[in-house]
Amino acid sequence: MRDESLIDELNERHGLDGIRFDSGQGGLPKAVLTSRHGTAEIYLHGGHVTHYQPSDGEPVLWMSDEAVFDGNKAIRGGIPVVFPWFGPHQTDKGQPQHGFARNATWKVDSTASGDELAIVLSLASTLATKRIWPHDFKLKLSTTLAQSLEVSLTIQNTGDKHFEVSPALHTYFVVGDIRKTSITGFEDAHFVDQLADEQRQQRGSITFGEEVDRIYFAGAKPGNPVRPAVIMDDTLGRRIEISSEGSQSSVVWNPWIDKSKRMSDFPDDGYLTMVCVETANAADDSRMIEPGKTHTMTQSIHVVSQDAQKG
Ligand code: TA6
């Protein structure tokens, strides 16, 4: 249901040249960013970036045709915000997979307009969240549309005791055909194969012929900086360069055939045109945040079309 008064208030308070608010799917409020660099959309539900398209290219973020926009379920696609924990809750299986932030309604903190467009959304702890996870926190999600799309998640401990988090920016990318797609940047990196529950080492680029669910750890050779991951998409004739900061782990996931069929909000053949490359603080890369301190993780997404590569 369209909430005209909320949309009007958001445009009144935060609308700027190139940034406006509208009712999106399911009547959920969203921000629409439009500039010479391209377009992006961010829903207040989940603080969820759902769309990014450079002005000279095709959509970059994959969105399920069967995604549910009812304000109760996490949106399937785009950039789900995983917080406070990655994966299943460690002790209470009744708690939501990947935490509760992607199912919460975020607030608009600020917007900024110019050659770069930016919007900051926030989510703070409540009595309800503290019943699930007994800590005081404030999250800020900053999205900047320029030559690249940059998304930063800042986690502030507003309480009086430290807490440990394993957040992620769980980004779904469009590919032309996963069977003809490879991902470079993880050569020689160690990873946890989530399906076999074993540690392995990457040989060469990542290719796809079955379900892949892996947590890669940076620094293939100790001390190496986190190298950008690059999705090499010959079908669409482009590379997607994914840079991370504040993160030493990346998750690569494609559900393949059987898992696609098991997800009600995921088309059976959806696996063919998507891959997740997630900037994370997962597993051993979880972060301890002391009272009053903050931690920021950033994912930058830059598309290079093969035409451009030919010069
Ligand atoms: O990031 C990979 C993963 O942990 C997979 O195991 C799969 O569960 C995926 O996340 C999607 O999780 P979701 O809770 O969004 O269905």
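When a ligand or atom number is given, it counts from 1 through the structure's own listing order. We count residues from 1, following the sequence as given. These values consider heavy atoms only, across backbone and side chains, with no hydrogens, waters or symmetry-generated copies.
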What do you reckon, are the aromatic ring centroids of Phe137 and Phe83 less than 6.0 Å apart?
yes
Using 30° and 60° as the class limits, which term best fits the ring planes of His98 and Phe86: parallel, tilted or perpendicular?
tilted
Exactly which residues line ligand 1, taking a heavy atom under 4.0 Å from it as the test?
Arg76, Phe86, Gln97, His98, Arg102, His170, Asp213, Val251, Trp253, Lys259, Glu278
Which of Ser152, Ser142, Ser243, Ser244 passes side chain to side chain donor-acceptor pair (under 3.5 Å) with Thr298? It is Ser152
Please determine if Arg36 and Asp115 form a salt bridge, counting it only when a charged side-chain N lies under 4.0 Å from a carboxylate O.
yes
Given the side-chain rings of Phe69 and Tyr43, with only the six-membered ring counted for Trp, is the space between their centroids under 6.0 Å?
yes
Tyr271/Trp256 aromatic ring centres below 6.0 Å:
yes
